[in-house]
There are 2 protein chains.
Amino acid sequence: MTSQQDLFDTLAQVARALGNGHRLALLERLAQSSAAVETLATATDLSIGNASQHLQQLRRAGLVTASRSGKQMIYRLTDERIITLLALLRQVAETNLAEMERLVSQLFAEDDASEALEAVSSRELLAALERGEVALLDVRPADEYQAGHLPEAINIPLEQLEAMLDDLPRDKEIVAYCRGPYCALSHEAVQRLRQLGYRVRRFEEGYPEWKAAGLPVM
Amino acid sequence: MTSQQDLFDTLAQVARALGNGHRLALLERLAQSSAAVETLATATDLSIGNASQHLQQLRRAGLVTASRSGKQMIYRLTDERIITLLALLRQVAETNLAEMERLVSQLFAEDDASEALEAVSSRELLAALERGEVALLDVRPADEYQAGHLPEAINIPLEQLEAMLDDLPRDKEIVAYCRGPYCALSHEAVQRLRQLGYRVRRFEEGYPEWKAAGLPVM
DNA sequence: TATTCGTTCAATGAAACAATTGAATGATGG
DNA sequence: CCATCATTCAATTGTTTCATTGAACGAATA
């Protein structure tokens, strides 16, 4: 016979797997696409061994699965809902922890608060896309764009922004997006494009959240 | 200047607060209603001191707030979304951890699988209520019912089930609910009422989830 | 003012976790 | 089949967490 407490304890094991900054960073990277250990270690600035151990904790908690492909071990999220879970955790934290708000505003150095206020929500974006009012700009590296992106999005990795301006329409408003709300790429892109006179705003989420919400991707 | 990693670390602190079975039990109790430390300690089978410490960890993580009322310290959830967060965590765990499934089925001792299969979802329940097809039965203790319940629900605490059968309509199907998916009260009620010949099913969630979903409560 | 009650604080020891190191495994390519 | 590469395992150290104890605090009551 089991007690309710055993269930809570097991549930707590899953939550504890989320209770480490490095593991959250790994999950965020995995939300973009599945990847090998070395890729993940590089992306999160961990040693290979350390990344491997953290990944195995995530695996024990049922949050990721691993499969061998030749020499490499490919990790992936077990469930799209994990992205939603992380997004909800973020929302709860931002609402209830003053510390979070401070860190977020520092990360984006918002002396210019206008940019944050003007971020486009999923709902707004979806409506604007249907009316053909905006052009979508994906500023992530090309390989992440390849692994999946929003429909109709143009890919210009941030490093090549100025070099590839010809791909951008001048007559429409542009909405830039990247990996998620804590990813600085689209922030940077908006600032640089505005200086060049473009009408551009930032999508307040990212590719993973869009996909996890069940919205169409390519 | 802040790095993205600082944000993940702060987020991880919140997740870590969820990473303990006792704290999850405390949150589950708080999802019913706000309560004093002693009440919470009793409900979760913790010593007062221990409960107090766990509550303060939850407070540091921004998940609960405390306010003094006379001699007592009343704790409450800071945010309805925490209930949604817990529900999502539960779903992810149940889907991806075999261990969870095993524990859940053990908890409810489902030799009779029919009952589980026939659990009523929120959507179904809402529709059935609108059409006046079902009667709602709240089998939680009277004080929890007082603190809030589903609209039109009849309260018969489980201990008084047989004594108060007159309150139940015989012509409608009955849907019983309690504290949440891991609460055994409604399970027990369904079994006992079925033996008495009632047509009765179990609501697959509980009062807190209903409320957190923004559905009407009384 | 002294007392009581509910709660919190501080200190302790036991257990779990994080990062590092170096050895071991499993698949590939010469 | 030997060498190589990607990853995992095992052992170690320092850090954090958990539960318990007893003292301290703050609000109510006598």
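Basis for what follows: all heavy atoms, side chains included, without hydrogens, waters or symmetry-related copies.
- Under a 4.0 Å N-O distance rule, the pair A:Glu124/A:Arg201 qualifies as a salt bridge.
- The listed nucleotides are C:dT8, D:dT8, C:dG6; the one nearest the side chain of B:Ile48 is C:dT8.
- Shown for residues 56-69 of chain A: residues whose heavy atoms fall under 4.0 angstrom of DNA chain C, namely A:Gln57, A:Arg68.
- Taking atom CG of B:Asp9 as the reference point, atom P of C:dA18 lies 12 Å away to the nearest angstrom.
- Judged by the 6.0 Å and 45° rule, A:Arg140 forms a cation-pi pair with A:Tyr207.
- Checking the phosphate oxygens (OP1, OP2) of D:dA19, a side-chain nitrogen or oxygen of B:His22 falls inside 4.0 Å.
- Nucleotide C:dA16 holds its P atom 13 Å from the CG atom of B:Asn20, rounded to whole Å.
- Checking the phosphate oxygens (OP1, OP2) of D:dT8, a side-chain nitrogen or oxygen of A:Tyr75 falls inside 4.0 Å.
- The CD atom of A:Gln72 sits 14 Å away from the P atom of C:dA27 (whole-angstrom rounding).
- You'll find the side chain of A:Leu129 stays beyond 4.5 Å of the side chain of A:Val175, heavy atoms only.
- At C:dT7, none of the side-chain N or O atoms of B:Ser52 fall inside 4.0 Å of OP1 or OP2 (strictly under the cut-off).
- The shortest side-chain heavy-atom distance between A:Leu40 and A:Leu46 does not fall under the 4.5 Å cut-off.
- Using cut-offs of 30° and 60° for the angle between ring planes, the B:Tyr182 and A:Phe8 rings count as perpendicular.
- When the C1' atom of D:dT7 is taken as reference, atom CG of A:Asn50 falls 14 Å away, rounded to whole Å.
- Contact detail for B:Cys178 and B:Leu185: the closest heavy-atom pair is CB-CB, 3.8 Å.
- Taking 4.0 Å as the cut-off between side-chain N and carboxylate O, A:Arg179 and A:Glu28 do not count as a salt-bridged pair.
- Nearest-nucleotide positions on DNA chain C for A:Lys71 and A:Gly49 put A:Gly49 closer to the 5' end.
- Between the P atom of D:dG22 and the CD atom of B:Gln53 lies a distance of 15 Å, rounded to the nearest Å.
- For the pair B:Leu46 CG and D:dT17 C1', the computed distance is 15 Å after rounding to whole Å.
- For A:Arg16 and D:dC18, the CZ to C1' distance is 11 Å, given to the nearest whole Å.
- Taking atom CE on A:Met73 and atom C1' on D:dC5, their separation rounds to 15 Å, with Å as the unit.
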